[in-house]
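Residue numbers count from 1 along this sequence.
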Amino acid sequence: MTYIVYYCVNQMGAIVASGVTYIPPVVALLIGAFLIDEPISSVDLGAMAFIMVGVWLVQKAHTQSVKEAS
């Protein structure tokens, strides 16, 4: 398991790998809503949007810094 994580971090980079760790709570909330009809409140939607925008901003900044470095 550790080798797989090391390989992924090595291939993607630490910034991308750390950003991906914020996605599982969003997926878990959606699975709960679709599979067991758990209600999603406006606070949940706001939190999901906040998480996704944050991950997008980090990825965008990382992509720009890579382009500037090369």
Side-chain angles (χ1 to χ4, degrees):
M1 182 70 168
T2 304
Y3 178 75
I4 293 170
V5 171
Y6 174 76
Y7 178 79
C8 291
V9 170
N10 192 28
Q11 294 297 315
M12 296 186 302
I15 302 292
V16 175
S18 66
V20 171
T21 62
Y22 292 106
I23 306 243
V26 173
V27 173
L29 186 66
L30 294 174
I31 288 172
F34 288 119
L35 293 182
I36 60 172
D37 295 325
E38 189 166 320
I40 296 179
S41 69
S42 59
V43 173
D44 296 330
L45 292 174
M48 285 180 9
F50 190 70
I51 290 169
M52 298 310 288
V53 167
V55 170
W56 177 74
L57 287 172
V58 168
Q59 300 303 326
K60 181 179 171 185
H62 175 67
T63 303
Q64 287 176 349
S65 67
V66 168
K67 286 180 183 177
E68 290 174 1
S70 56

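In the hydrophobic clustering of this structure, I51 groups with L45; members are Ile, Leu, Val, Met, Phe, Trp, Tyr whose side-chain heavy atoms approach within less than 4.5 Å, directly or through other members. By the criterion of side-chain heavy atoms lying less than 4.5 angstrom apart, applied directly or through intervening Ile, Leu, Val, Met, Phe, Trp or Tyr residues, I40 is grouped together with I31 in one hydrophobic cluster. One hydrophobic cluster, built from ILVMFWY side chains closer than 4.5 Å, cannot hold both M52 and V58; they sit in different ones.
When V43, V53, V27, V26 are each tested for a side chain to side chain contact (heavy atoms under 4.5 Å, CB included) with M48, only one passes: V26.
With rounding to the nearest 0.5 Å, the separation of CD in E38 from CG in L29 is 7.0 Å.
Taking every heavy atom of both residues into account, V55 and Y22 meet most closely at CG2-CB, 3.9 Å.
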